[in-house]
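Note that this is a predicted model, so its numbers are computed, not measured.
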Amino acid sequence: MSAFNKFKERVLASYWEKHKNNELHDRLANPTSANLRDYALFLLNEGMNPDDRKTLRDFFILKDELGDLEKSIAGIDIDKLKPVRYFIDGKTSNPDETIVKLLAVLIDFQPRPFRIDDWIVDIKPKLKEASILPLNQPDEKEHPKFPDSSRQSSVVGSSSRESGTNTSKFNKKAIMWVGSAGLIAASLGYITLKDKKECMVWFKDRYIVVDCLDNNMWNQKVIALDEERLKNFRKITRYDTLGLKDVNRIWYSKVNNEIEFFTTAGLHPEHSERGLKLASEYIIRKYAMGEEPDTSKNEE
């Protein structure tokens with residue numbers, strides 16, 4: 001069985017296992033074409049890593065890296081999502097790779113994306129018992145035993161003990177060196193994998209975590225991960241939710257005569273040279289509530 005076929009079978013099995021355990025979102029549990037489209041949009045707006053975004057771009061045939069993926073998904077002919085449902089229902093045994101990879105993203109299947117090394121059994125010849133014996137150990141077939149005599153036995157015994165001792169020391173050192181190298185490599189690997197996700201980027205109305213080493217898909221500046229900012233910093237997009245209760249509790253910025261409101265203080269996420277200001281009653285009334293406040297209190 002090919003590596004991708006193994007991946008395909010595991011993705012499908014994972015879907016039905018999660019379905020059985022009620023672990024799927026309602027739209028995935030009932031995967032109509034419209035529900036699949038809507039759930040893809042939901043995941044996109046929640047924030048995606050570059051690999052998952054590429055999977056969506058490949059399926060929704062958006063080759064332009066700067067193109068609007070959200071618009072492409074929202075405007076797709078939903079009949080093009082029928083093959084995904086057919087794959088889930090087992091109506092097709094040979095789906096396109098983009099279908100399998102898309103389903104893997106939708107159900108949060110791991111490991112993903114598909115990499116052939118993850119699905120090929122590493123067949124390496126195991127070391128035979130003889131290979132771990134002391135180096136230069138005499139082979140009885142090639143070196144017949146000396147005639148049985150006390151003198152020769154003494155010589156052979158002494159030589160064997162000396163050879164065995166030296167070889168044993170050599171093997172111990174080799175094992176220690178290999179073990180140390182393995183620990184160092186594992187540590188470096190862990191640090192590398194850890195560091196790769198220690199970045200974030202502004203996406204629409206919030207920050208999302210991204211791969212520090214693969215940020216070429218992002219137009220915005222990739223910055224170091226800030227857990228507090230990642231969790232709490234948002235752009236407020238619904239002004240109808242704002243009122244006098246929010247005076248001096250939210251922040252704003254005016255860029256190109258356009259006011260934007262944010263949940264916490266800091267620098268503007270897209271214009272880092274600008275700091276956010278605390279929103280006064282004047283600002284809230286004029287720009288959030290649409291009123292005409294006293295111009296003598298202009299605080300812009």
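- Every residue two or more places apart in sequence or in another chain that forms a salt bridge (Lys or Arg N to Asp or Glu O under 4.0 Å) with Arg85 is listed here: Asp89.
- Judged as a ring-ring contact (aromatic ring centres under 6.0 Å, His included), and not counting sequence neighbours, the contacts of Phe262 are Phe233, His268.
- Ion pair Arg112/Asp118 not flagged as a salt bridge, since none of the NZ, NE, NH1 or NH2 atoms sits closer than 4.0 Å to an Asp/Glu carboxylate oxygen.
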(message) salt bridge (Lys or Arg N to Asp or Glu O under 4.0 Å) for Glu260 and Lys235? Distances and angles first, verdict last.
(response) CA-CA 7 Å; Glu260 294 176 304; Lys235 181 167 75 172; 3.3 Å; yes

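- Side-chain atoms of Asp226 come within 3.5 Å of backbone atoms of Arg229 as a donor-acceptor pair (strictly under, hydrogens ignored).
- If you chain together hydrophobic residues whose side chains sit under 4.5 Å apart, Leu36 and Tyr86 never meet in one group.
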(message) Pair Cys199, Leu225 - check side chain to side chain contact (heavy atoms under 4.5 Å, CB included), show working.
(response) CA-CA 4 Å; Cys199 288; Leu225 180 64; 5.8 Å; no

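- The closest side-chain heavy-atom distance from Lys80 to Phe60 is not below 4.5 Å.
- Between Phe7 and Phe114, the ring-plane angle classifies as tilted under the 30° and 60° cut-offs.
- A donor-acceptor distance shorter than 3.5 angstrom exists from the side chain of Thr263 to the backbone of Arg234, with no hydrogens or angles considered.
- In this structure Phe261 satisfies the ring-ring contact (aromatic ring centres under 6.0 Å, His included) test together with Tyr239, sequence neighbours excluded.
- Ile284 approaches Gly243 most closely through the heavy-atom pair CG2-O, 3.4 Å.
- In plain terms, the two heavy atoms of Leu106 and Tyr39 that are nearest each other are O-CE2, 3.3 Å.
- Summarising the geometry of Ile73 relative to Ala40, their closest heavy-atom pair is CG2-CB, 4.3 Å, with the distance given to 0.1 Å.
- Scanning for salt bridge (Lys or Arg N to Asp or Glu O under 4.0 Å) contacts around Glu291 gives Arg285, with sequence neighbours left out.
- Atom CD1 of Ile208 and atom CG of Asn49 lie 8.5 Å apart (nearest 0.5 Å).
- In this structure the side chain of His25 never reaches within 4.5 angstrom of the side chain of Asn35, judged on heavy atoms.
- Atoms CG and CZ, on Leu102 and Phe87 in that order, are 10.5 Å from each other to the nearest 0.5 Å.
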(request) Tell me, with the steps shown, if Glu281 and Leu244 meet side chain to side chain contact (heavy atoms under 4.5 Å, CB included). (result) CA-CA 7 Å; Glu281 180 178 344; Leu244 296 181; 3.9 Å; yes

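- In this structure, the separation between OG1 on Thr237 and CZ on Arg206 is 9.0 Å, given to the nearest 0.5 Å.
- The CH2 atom of Trp251 lies 10.0 Å from the CD1 atom of Ile236; values are rounded to the nearest 0.5 Å.
- Between the side chain of Asn45 and the backbone N or O of Leu41 there is at least one donor-acceptor pair closer than 3.5 Å.
- Ring centroid separation for the pair Tyr287 and Tyr252 does not come in under the 6.0 Å cut-off.
- Residue Phe59 is tested with Asp96, Leu81, Val105, Leu103 for a side-chain contact (heavy atoms from CB on, under 4.5 Å); the sole match is Leu81.
- Considering all non-hydrogen atoms of both residues, Ser253 and Arg274 come closest at OG-CD, 4.4 Å.
- The two residues Leu267 and Ser272 come nearest to each other via the heavy atoms CD1-O, 3.5 Å.
- When the side chains of ILVMFWY residues are joined at heavy-atom separations under 4.5 Å, either directly or via intervening members, Met48 and Phe42 end up in a single hydrophobic cluster.
- With rounding to the nearest 0.5 Å, the separation of CD in Gln110 from OG in Ser14 is 9.5 Å.
- A salt bridge links Lys101 with Glu97; the closest basic N to acidic carboxylate O contact falls under 4.0 Å.
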(request) Carefully, step by step, assess Leu230 and Val209 under the rule side chain to side chain contact (heavy atoms under 4.5 Å, CB included). (result) CA-CA 8 Å; Leu230 177 71; Val209 178; 3.5 Å; yes

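- Minimum heavy-atom separation, His19 to Ala29: NE2-O, 3.3 Å.
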(request) Determine, step by step, whether Tyr207 and Ile223 satisfy the side chain to side chain contact (heavy atoms under 4.5 Å, CB included) criterion, reporting the C-alpha distance in whole Å, the side-chain angles of both residues, the deciding distance to 0.1 Å, and the verdict. (result) CA-CA 10 Å; Tyr207 283 103; Ile223 62 176; 3.8 Å; yes

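- Linking ILVMFWY residues whenever their side-chain heavy atoms come closer than 4.5 Å, directly or via other members, leaves Val255 and Ile283 in distinct clusters.
- Comment: Asp51 does not engage Lys54 in a salt bridge, judged by the lack of any side-chain N to carboxylate O separation of less than 4.0 angstrom.
- Trp16 and Leu28 fall within a single hydrophobic cluster, where Ile, Leu, Val, Met, Phe, Trp and Tyr side chains are chained together by heavy-atom contacts under 4.5 Å.
- Here the OG1-CD1 distance, from Thr92 to Ile99, works out to 7.0 Å after rounding to the nearest 0.5 Å.
- Counted by atom type alone, Ser2 and Asn5 present one or more donor-acceptor pairs between their side chains at under 3.5 Å.
- Legend: side chain to side chain donor-acceptor pair (under 3.5 Å) pairs involving residues 240-250, not counting sequence neighbours, sorted by first then second residue: Arg238-Asp240.
- Applying the salt bridge (Lys or Arg N to Asp or Glu O under 4.0 Å) test to pairs two or more places apart or on separate chains, those with a residue in residues 16-43 are Arg27-Asp38.
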